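These notes concern the structure reproduced below.
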Amino acid sequence: MAYNLYQVQMAKAWAQRIEKENAIAEKFWLQQANQNMKLPSSPAPYVPDDVRSVGSYRSGSVTPSNYTSKTSYLKNRLEKLEAELAVEKERRKKVEGDLAVIKTQKP
């Protein structure tokens, strides 16, 4: 079968739609669990291990702190990108310094 860009784009669009629907569903079930359990919005100093939200029961990916594996991945990715950005800024400053030296040396 020949390569078809349209099929690739449609596959990506469906994957994005499913991710959005899952995120909305997870948010809904967490809200429902918080309403049904009437937990305070601020974290309590002690939460028993048997307290689970409906969202975590359905998906298995949410802890009582609302920290998902996707959030963990995104935070790690953000930290990595910020580290790369800092390295690039240092390189840029060095290059700009070298250019300034070269410009001052020209007659």
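Quick caveat, the model's predicted, so the values are computed rather than measured.
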query = Which hydrophobic side chains are connected to I102, either touching it within the sub-4.5 Å cutoff or through other members that do?
reply =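 None, because no other hydrophobic side chain comes under 4.5 Å of this residue.
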
ask   = Should side-chain heavy atoms under 4.5 Å link Ile, Leu, Val, Met, Phe, Trp and Tyr, which residues sit in the same cluster as W14?
value =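 Besides W14, the cluster holds Y6, M10.
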
query = Do the non-hydrogen side-chain atoms of N76 and K80 ever get within less than 4.5 Å of each other?
reply =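 Not touching, per the 4.5 Å side-chain cut-off.
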
ask   = Within a strict 4.5 Å, meaning less than it, do heavy atoms of the R91 and E88 side chains meet?
value =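 In contact.
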
inquiry  = Restricting to side-chain contact (heavy atoms from CB on, under 4.5 Å), what partner residues turn up for L81, sequence neighbours left out?
reply    =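 Residues passing side-chain contact (heavy atoms from CB on, under 4.5 Å) with L81: R77, E84.
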
query = Got a second to check how far Q16's CD is from I18's CD1, nearest 0.5 Å?
reply =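 Here the rounded value is 11.0 Å.
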
query = Please walk me through it: do L30 and E26 pass side-chain contact (heavy atoms from CB on, under 4.5 Å)?
reply = CA-CA 6 Å; L30 286 173; E26 185 175 3; 4.3 Å; yes

Side chain to side chain donor-acceptor pair (under 3.5 Å) partners for [X], two or more places apart:
| X | answer |
| --- | --- |
| E96 | R92 |
| R17 | E21 |
| E90 | none |

